[in-house]
Amino acid sequence: MPLTTDYSNETLSRMVEPARVHRRIYTDPEIFELEMSRIFATAWVYVGHESQIKNPGDYFTARVARKPLVIVRSADGEIRALHNQCAHRGAMVVANDSGCTDEFQCCYHGWTYHLDGKLKAVPLNNGYPDDFDTKNPKTAMVQVPRVKSYRGFIFLSLAAQGQSFDDFIGYMKTSLDDMIDRAPDGEIELAGGVFKHTYNGNWKLYLENLCDAAHPWYTHRSSIAAAQQQKDDAFSDGTGEIAIRQMRQNGAPYSFWENQVGIWTYANGHSYLGDYHDDAKLVAALNDQTFRDYHTAMEAKKGKAETQRIMEVRRWNSNFYPNMSMMSQFQQIRVIHPISVNKTVVHTYCFKLKGAPEQMFRNTVSFANVVNGTGSLVLTDDLEIYNRVTLGLSSDGAEWLEIGRGFKTDEPDPHGGRKGKNSTSEVYIRNMFDAWRGYMLGDAGAAKKQVA
Amino acid sequence: MLNIPTRKPLLPSAAVDLRPYEAFLIYEARLLDEGYFDDWLALFTPDARYWVPSEPNQPDPFETVSLMYDDRRLLETRVRRLSDPRIYSQEPRSRTSRTVVNLSLEPATGGPGVTVRSKFVLVEYRREEQRLFAGSYTHRLIGEGDAMRIAMKKVELVNCDAPLDGLVVPF
Ligand code: FES
Ligand SMILES: [Fe+2]
């Protein structure tokens, strides 16, 4: 199929077929630029958590569609997102990752801004043209038009118009709820630092891999074998215990991956992979003193029935297309930052469950090291896969990539989504590409009505 | 054991003979460079910790994530994986070159063994790409001569909080 490089909607739509996609979607810088403006600059994207900015003046910086932003709790308590650019000659105003301030001051000529971005003061302000007016919104740091906190999780859209947040998130909000539900006090807090890893590959590869139940048995075989051979009587302070359980579980037989995991997908490209590890496999459940104490704290605050309901929610990765993946059961969030068509950076954060025993968070940190760590025995092989896919796609081999596994057997889900008949169905990629088409053809939320 | 308080450096005593420690660290670096990972593992005590923090001045490995934090059990698994022919992130293998310099002895803390600080430069080459790592090692060393063992090794990278591609070969 001849493909020109001026991507008309017709050409773009021809690149995604029901069970295959064109290689160039992962490799062409022009497609990438279109994705930045049509997907990342219009969709709702996750930027951070309210616990990072508890008090007025608290801020952190973020990037969306490669653009620098500052997310701040203003004096009135509102959360705002500002383009991190001075209205005078364009210098980036906020240089720290996070902090607390009562104003933002530009390092170049000293223009200062209120926490909502409005201009506060200009030194030497006698020399500007007669019509220069500090009240003019053109002299403000520009606000991002749409910011929404869902129970503390902060999302924003760089576009003034478009799909509503509620339509965007749909049923997937239950994964955010699940993380909060797991805190005995009903509150969570970002803690434990951040992992930043990078690979030479397209951003889409990352989200796709997180739902891929067919890969661990191959990709992770070195850590599976090493963990299976590990003697359990070697000294551990608890860290190795959790890591080794996780690696061994990756070696579960194919019958497990096929039948017991489950893959669910929803509108706008979202999906979650189900019961990959339950607590029993990972933290020894009620044989583990920490988990027992946690269970007791949950029952004391929430009652037996509600605690049991929460413990039975088993979601491994919940993916919020296009930029976030979370593990509610293990209190982790990954934020995907596309840098270029074949360069991606991922930031991973942990959350503390308020009211849980202190040791619970240490387990969360150990878990993060093995599942999301840059030096993990597991994740490093995933990074190698992304690099290798990029190298493979640079060849003149197959022009079309297969995404048809389970294509004819996907089933409807009671909450309006589609699930794979088997857990290794590639329904999650097909679902992401449905959303991709929607955004790229200017029809975001094609599966749902648009709300201005 | 993990928490060595940072304080202003003192001029080291010229009377302390650092040569036994230097010989040990050079030997350790050579085992890693030349791929003798089992022999490297054998240098650690049964309850040793190996730690690569993710933040500058990170106080502990329990409340903050780490690039690597291994108790003995995890360290054994890490080393065993390195020898597995199906470790795809080491296909092709990295080649490394470590330089260990600027040794000094930290003031005694009363615990067993000595705390040796040093600087390192590590060049890693793999698949047409060379990476440069630098930073400080802190070794807690127990015993003498052939019986010298590592009870704790902490690796502080100057770029520990940078976005990095996978870290597979230990530092
Ligand atoms: S560019 Fe910011 S004050 Fe001039
Ligand atoms: Fe994986």
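Owing to the predicted nature of the structure, the values given are computational and were not obtained by experimental measurement. Lettering follows sequence order; numbering is per chain, from 1. Below, each value reflects all heavy atoms present in this structure, side chains not excepted, and no hydrogens, waters or symmetry copies.
Interface summary for chain A: among B:V65, B:D84, B:T64, the most heavy-atom pairs under 4.5 angstrom belong to B:V65. In terms of heavy-atom pairs under 4.5 angstrom with chain B, the leader among A:G240, A:S223, A:S236 is A:S236. Contact count versus chain B (heavy atoms, under 4.5 Å) is highest, among A:R388, A:H197, A:K231, for A:R388. Chain B forms the most heavy-atom pairs under 4.5 Å with one residue out of A:Y199, A:F361, A:F195, and that residue is A:F195. Contact tally against chain A (heavy-atom pairs below 4.5 Å) for B:R80, B:R78, B:Q58: the top residue is B:R80. Listed options A:Q230, A:R362, A:K196 were ranked by heavy-atom pairs under 4.5 angstrom with chain B; first place goes to A:Q230. Taking B:E55, B:E63, B:M68, B:R72 one by one and counting their heavy-atom pairs under 4.5 Å with chain A, the maximum is reached by B:E63. Put simply, of B:T77, B:D161, B:L74, B:V79, the one with the most heavy-atom pairs under 4.5 Å next to chain A is B:T77. Looking only at heavy-atom pairs under 4.5 Å with chain B, the residue among A:D232, A:T219, A:V345 that has the most is A:D232. For the options B:C160, B:P163, B:S83, heavy-atom pairs under 4.5 Å to chain A are most numerous at B:P163.
The aromatic rings of B:F120 and B:F171 sit tilted, their planes meeting at an angle between 30° and 60°.
Neither the backbone nor the side chain of B:P85 comes within less than 4.5 Å of any heavy atom in chain A. In this structure, chain A has heavy atoms under 4.5 Å from both the backbone and the side chain of B:E76. For B:D165, the parts lying near chain A are the backbone and the side chain together; criterion is any non-hydrogen pair under 4.5 Å. Looking at A:L377, the atoms closer than 4.5 Å to chain B (heavy atoms on both sides) sit in the backbone and in the side chain alike. If you measure heavy-atom distances from A:T364 to chain B, you find no contacts under 4.5 Å at all. At a 4.5 Å heavy-atom cutoff, A:Q359 makes no contact with chain B through either its backbone or its side chain. Heavy atoms of A:V346 lying under 4.5 Å from chain B are absent altogether. Neither the backbone nor the side chain of A:L379 comes within less than 4.5 Å of any heavy atom in chain B.
A cation-pi arrangement is absent between B:K153 and B:F44 under the rule of less than 6.0 angstrom and at most 45 degrees off the ring axis.
Looking at B:Y27 and B:D39, their side chains never bring a donor and an acceptor atom within 3.5 Å of each other. Counting only N and O atoms by type, the side chains of A:E384 and A:T380 include no donor and acceptor under 3.5 Å apart. Side-chain N/O atoms of B:S104 and B:R117 include no donor and acceptor closer than 3.5 Å.
Under a 4.0 Å N-O distance rule, the pair A:E189/A:K54 qualifies as a salt bridge.
Judged by distance alone, the side chain of A:N369 and the main-chain N or O of B:S66 form a donor-acceptor pair under 3.5 Å. For the pair A:T344 (side chain) and A:G201 (backbone), a donor-acceptor distance under 3.5 Å is present.
Of the residues listed (A:Q329, A:R334, A:M326), the one engaging A:N317 in a side chain to side chain contact (heavy atoms under 4.5 Å, CB included) is A:R334, and it is the only one. A side chain to side chain donor-acceptor pair (under 3.5 Å) with A:H215 holds for exactly one of A:D381, A:N250, A:D382; it is A:D382.
For A:K67, the NZ atom sits in a loose shell: 12 or fewer heavy atoms of surrounding residues, nucleotides or ligands are nearer than 6.0 Å.
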